[in-house]
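Scroll down for the structure; my scribbles are underneath it.
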There are 4 protein chains.
Amino acid sequence: MAVPDPLPSAQRRGRPRSAAADRAILAATRAALVEIGWSRLTMGEIAQRAGVAKTTLYRRWAAKSELVIDAVAVLFDELRLPDRGCLRADVEGVVLSFAALLRRPEAKTALMAVLAESTTDEALRPRIREAIVDRQKRLVLDGRARAQQRGELPPDPADPAETARVVDLIFDVIAGAVVHRSLVSDCPVDESWARLFTTLLLEGLGAVSPPPAPGGAAAGAAAPDGTEPTGGGR
Amino acid sequence: MAVPDPLPSAQRRGRPRSAAADRAILAATRAALVEIGWSRLTMGEIAQRAGVAKTTLYRRWAAKSELVIDAVAVLFDELRLPDRGCLRADVEGVVLSFAALLRRPEAKTALMAVLAESTTDEALRPRIREAIVDRQKRLVLDGRARAQQRGELPPDPADPAETARVVDLIFDVIAGAVVHRSLVSDCPVDESWARLFTTLLLEGLGAVSPPPAPGGAAAGAAAPDGTEPTGGGR
Amino acid sequence: MAVPDPLPSAQRRGRPRSAAADRAILAATRAALVEIGWSRLTMGEIAQRAGVAKTTLYRRWAAKSELVIDAVAVLFDELRLPDRGCLRADVEGVVLSFAALLRRPEAKTALMAVLAESTTDEALRPRIREAIVDRQKRLVLDGRARAQQRGELPPDPADPAETARVVDLIFDVIAGAVVHRSLVSDCPVDESWARLFTTLLLEGLGAVSPPPAPGGAAAGAAAPDGTEPTGGGR
Amino acid sequence: MAVPDPLPSAQRRGRPRSAAADRAILAATRAALVEIGWSRLTMGEIAQRAGVAKTTLYRRWAAKSELVIDAVAVLFDELRLPDRGCLRADVEGVVLSFAALLRRPEAKTALMAVLAESTTDEALRPRIREAIVDRQKRLVLDGRARAQQRGELPPDPADPAETARVVDLIFDVIAGAVVHRSLVSDCPVDESWARLFTTLLLEGLGAVSPPPAPGGAAAGAAAPDGTEPTGGGR
DNA sequence: GGATAAACGAGACGGTACGTCCCGTCTTTAA
DNA sequence: TTAAAGACGGGACGTACCGTCTCGTTTATCC
């Protein structure tokens with residue numbers, strides 16, 4: 001919430017805030033975003049669709065950006081990482097499901113709009129990270145742990161900072177490439193592209209994931225999924 | 001130009017448009033963008049700074065987005081790819097100079113804002129690609145050609161579509177990762193990160209760049225820069 | 001009011017309209033009319049002078065003309081018909097005080113401007129009549145009744161339509177002649193002219209005011225004020 | 001013309017002004033006035049209808065008002081005073097034909113609009129009088145002279161200023177009453193009203209037209225047209 | 001007949017005001 | 001105390017005309 005709950009105390013005086021109003025507002029925000037886009041989305045419009053007074057919106061959110069972040073955060077929580085048996089399949093899966101999310105108008109519009117706002121609005125950046133970005137990083141962590149259990153990746157190195165560097169890199173490469181291809185290059189993220197990209201990523205990954213111990217799973221890193229890359233020649 | 005040149009003919013009738021006004025408008029747009037940001041940037045403000053009537057703006061550009069695209073396109077044209085001797089150094093160089101560009105407020109603000117607009121405005125997307133995005137793809141093509149001349153990369157495969165797929169992939173990965181780390185993760189793109197990212201990229205590149213001929217430069221692709229990757233273990 | 005009162009109900013919901021804003025707007029309109037005239041009078045200027053937002057003006061009046069009508073109507077309500085003892089003096093008095101009103105810039109400018117607008121704007125005509133024109137007709141009715149009480153004029157004829165025809169005629173002749181001399185011929189309406197005009201009117205009046213009964217006040221009508229007309233010779 | 005003819009000399013050098021353009025402009029002005037009214041009448045619209053550049057208009061007239069005065073002046077010149085045999089008939093005739101003119105949209109709109117402008121624009125007033133108002137005064141003079149020839153009115157008094165006072169009064173009363181009833185009271189000027197008004201005027205006229213000599217036409221003035229007034233009783 | 005000069009069409013120019021939309025706040029009654 | 005309603009001061013919008021200016025073109029007279 002942008003505007004803090006008035007009092008964290010058990011029960012304040014006066015009429016309590018309507019939880020139904022909250023739900024109606026967030027739903028109306030998503031619906032309006034799909035229909036009329038970010039720039040024509042106004043607080044008055046949202047209030048009208050939600051059957052709520054404008055003051056009720058401002059009592060809860062300080063700005064349109066913050067309301068939209070809360071409204072679309074739930075969409076990004078729907079991303080899942082089902083176990084597809086091997087690391088390559090898991091990576092391709094997350095690439096494709098992230099791309100599918102970015103095809104939903106309310107998701108892509110809201111994401112890009114609040115990111116754009118955040119280039120000017122300092123306070124917006126942590127809010128976006130908390131509500132949207134960081135939640136996807138768990139996918140990387142989960143997939144990495146699963147691959148380590150399978151023996152496809154070496155265990156974490158001794159230095160946890162080293163692990164964080166690599167995890168962040170992987171996250172920026174995956175999310176960045178998918179977003180860029182989807183929304184900037186405006187090209188489809190299909191299975192063919194996902195396979196090619198995954199090949200590049202997994203191969204490159206071996207070079208940046210140091211082995212934790214002198215002996216170990218280096219061979220697994222060198223051929224993480226046990227298949228030959230597209231082009232074959234190695 | 002957003003509003004099409006009234007007639008492409010050699011000499012139209014009536015008073016010709018002032019080229020000085022064009023220059024003043026684009027310069028004023030960049031300056032205002034730095035000072036007051038995208039959301040408070042208004043057509044009236046730009047006109048006032050440029051010493052120009054609002055109508056003169058609307059005669060040339062249909063919307064703020066289109067004007068800003070033209071105004072900042074020149075910034076992206078300043079990206080260069082100086083020959084640093086080897087592919088690894090060239091990649092690191094372009095990563096760092098692209099990141100430096102994205103630290104300029106007018107560049108990052110304008111880029112994200114117009115990308116956000118483009119998620120709603122269908123007509124804006126090709127415009128952004130032509131004026132901004134596609135021009136950076138030349139950096140990938142130039143770097144690739146240079147590395148091929150050096151023997152660091154194998155020559156293009158027989159199928160040009162295959163080349164295009166790989167070039168697009170490299171472009172989306174580089175641009176996407178740098179943008180995502182800079183503007184979404186909000187972390188610095190410094191030499192350390194550039195080195196790590198380049199290692200991942202070049203190593204992964206070997207896996208997606210098939211050799212053109214049965215015999216050839218596969219070894220070069222496998223260790224493109226002749227150095228050992230960060231983590232060592234191969 | 002031009003824009004209808006949103007609901008005539010006893011008490012509507014929401015914040016009520018500010019009566020102070022109404023007063024400030026009408027006063028600012030009169031002041032601005034005097035200073036800058038009709039053509040340079042803008043809604044924005046009025047709003048600024050009244051310390052009010054432009055939207056507040058448009059919430060109440062649909063157009064400049066309607067606002068000006070309401071603003072100057074009060075001036076025309078200030079016209080009075082003091083009892084000067086005889087019909088002739090009363091007529092001369094109303095002629096002179098009407099002419100004095102038409103010398104006030106805001107009155108003459110506003111009157112002519114809205115009359116001009118009304119030649120094109122069908123809806124404006126009844127509005128002008130209600131707010132400005134018809135209110136002056138009471139002067140004719142009052143003067144006539146007073147003269148009848150004095151015995152200077154015969155009582156109303158049996159047919160009320162006949163009375164209305166004569167009253168309307170008198171009104172058009174007096175108002176028309178004064179307006180025409182003041183604003184069209186651009187000559188002063190002074191005591192000399194008022195005396196001459198009144199002579200013509202009263203003498204002519206006898207010919208169009210039929211006696212109510214076979215016997216009666218015809219002699220009174222023939223010399224309504226008991227004085228000899230200017231020119232003498234009858 | 002508002003803008004003076006560049007040189008009154010016999011023949012200047014350079015391309016002469018197009019007389020066809022003048023005619024087209026004045027005709028277009030009248031036509032546009034009928035269709036769209038004064039307030040929406042723009043110089044650009046007139047130029048477009050006349051098939052002429054805006055500069056051509058401004059080369060000839062300094063303002064819309066002046067152009068419109070010239071455009072409609074010709075309409076008022078069409079007023080005629082045919083000899084209907086007696087003064088009463090002549091007066092009723094001129095009243096009705098003036099009212100007919102004021103029913104033409106371009107005439108009434110233009111007249112009221114320029115009169116309204118003239119309340120603010122000092123320089124406009126003499127221009128209106130010369131081009132429009134004074135030309136109608138000839139009707140009063142002609143009618144008066146004709147009536148004097150018939151013996152219906154006494155000859156002019158010795159003092160010409162006295163004559164001017166009376167002529168001006170008659171003019172203001174006739175024109176004022178007709179304009180007021182037509183455009184302000186918004187009532188029809190029909191034969192019935194014309195008869196009533198003429199009765200009032202002619203009867204009143206006797207009181208303000210002094211006889212030129214001790215003996216004379218007083219009886220003619222008392223019953224100028226040889227008919228009994230509407231109401232009868234005298 | 002070529003130079004000169006003015007008027008012509010076209011349309012861009014710096015401006016002003018428009019009437020609308022939305023902002024975020026404030027003021028009311030009702031729950 | 002919150003809610004719905006809606007008026008409030010304010011700011012930007014994109015449009016319409018304003019009256020001026022700069023073009024290339026046309027039409028006349030003058031040398």
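All figures in this text were calculated on a predicted structure; none of them were measured in a lab.
Put simply, CH2 on D/Trp38 is 15 Å from P on F/dC17, counting in whole angstrom units. Atom NZ in A/Lys64 sits about 13 Å away from atom C1' in E/dC21, given to the nearest Å. Distance, B/Arg40 CZ to E/dC23 P: 17 Å, rounded to whole Å. To the nearest angstrom, C1' of F/dG19 lies 15 Å from CG of D/Leu67.
A distance of 10.0 Å separates CG of D/Leu115 from CG of C/Leu115, quoted to the nearest 0.5 Å. Note that the CZ atom of B/Arg127 and the OG atom of B/Ser118 stand 12.5 Å from one another [nearest 0.5 Å]. Separating the CD1 atom in C/Ile128 from the CG atom in C/Leu111 is a distance of 8.0 Å, to the nearest 0.5 Å.
Side-chain proximity of D/Tyr58 to F/dG14, E/dC13, F/dT20: nearest is F/dT20. Closest to the side chain of B/Arg17, from the set E/dC13, F/dC13, F/dA7, is E/dC13.
For the strand DNA chain F, secondary-structure stems (runs of at least three Watson-Crick or G-U pairs, all distances below 3.5 Å) span E:1-31 with F:1-31.
Evaluation of the side chain to side chain contact (heavy atoms under 4.5 Å, CB included) rule for D/Thr55 yields D/Ala53, D/Arg59 as partners, not counting sequence neighbours. In terms of the side chain to side chain contact (heavy atoms under 4.5 Å, CB included) criterion, A/Gln48 has no residue partners (sequence neighbours excluded). Remark: A/Ala110 pairs with A/Leu33, A/Val68, A/Val72 by the side chain to side chain contact (heavy atoms under 4.5 Å, CB included) rule, at least two apart or across chains. Under the rule for a side-chain hydrogen bond (donor to acceptor under 3.5 Å, both in side chains), the partners of A/Arg125 that lie at least two apart in sequence or sit in another chain are A/Glu122, B/Asp186. Every residue was checked against the salt bridge (Lys or Arg N to Asp or Glu O under 4.0 Å) condition with B/Glu130, not counting sequence neighbours, and none meets it. Under the rule for a side chain to side chain contact (heavy atoms under 4.5 Å, CB included), the partners of A/Ala31 that lie at least two apart in sequence or sit in another chain are A/Arg49.
Among all heavy-atom pairs drawn from D/Lys64 and D/Trp38, the shortest one is NZ-O, 3.0 Å. For the residue pair B/Gly37 and A/Thr120, the shortest heavy atom distance occurs at CA-OG1, 4.5 Å.
For the pair A/Arg59 and F/dT2, the criterion of a side-chain N or O lying under 4.0 Å from OP1 or OP2 is not met. Residue A/Arg60 places at least one side-chain N or O under 4.0 Å from the OP1 or OP2 atom of F/dA3.
For the segment residues 109-125 of chain D, no residue has any heavy atom less than 4.0 angstrom from an atom of DNA chain F. A heavy atom lying under 4.0 Å from DNA chain E marks the following residues of residues 43-57 of chain D, by number: D/Gly51, D/Val52, D/Ala53, D/Thr55, D/Thr56.
A donor-acceptor contact under 3.5 Å links the side chain of C/Arg15 to the base of E/dC26.
Pairs passing the salt bridge (charged side-chain N to carboxylate O under 4.0 Å, His left out) check and including a residue from residues 111-121 of chain C, sequence neighbours excluded, do not occur.
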Please produce a list of atom pairs where a protein N or O lies less than 3.5 Å from an N or O of nucleotides 2-4 of chain E.
from: E/dT4; atom 1: O3'; to: D/Arg13; atom 2: NH2; distance (Å): 2.9

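Of the possible polar contacts, one joining the C/Thr119 side chain to the C/Ala116 backbone as a donor-acceptor pair under 3.5 Å is found.
The pair B/Arg17-B/Asp22 fails the salt-bridge criterion, with no side-chain N (NZ, NE, NH1 or NH2) lying under 4.0 Å from an Asp/Glu carboxylate O.
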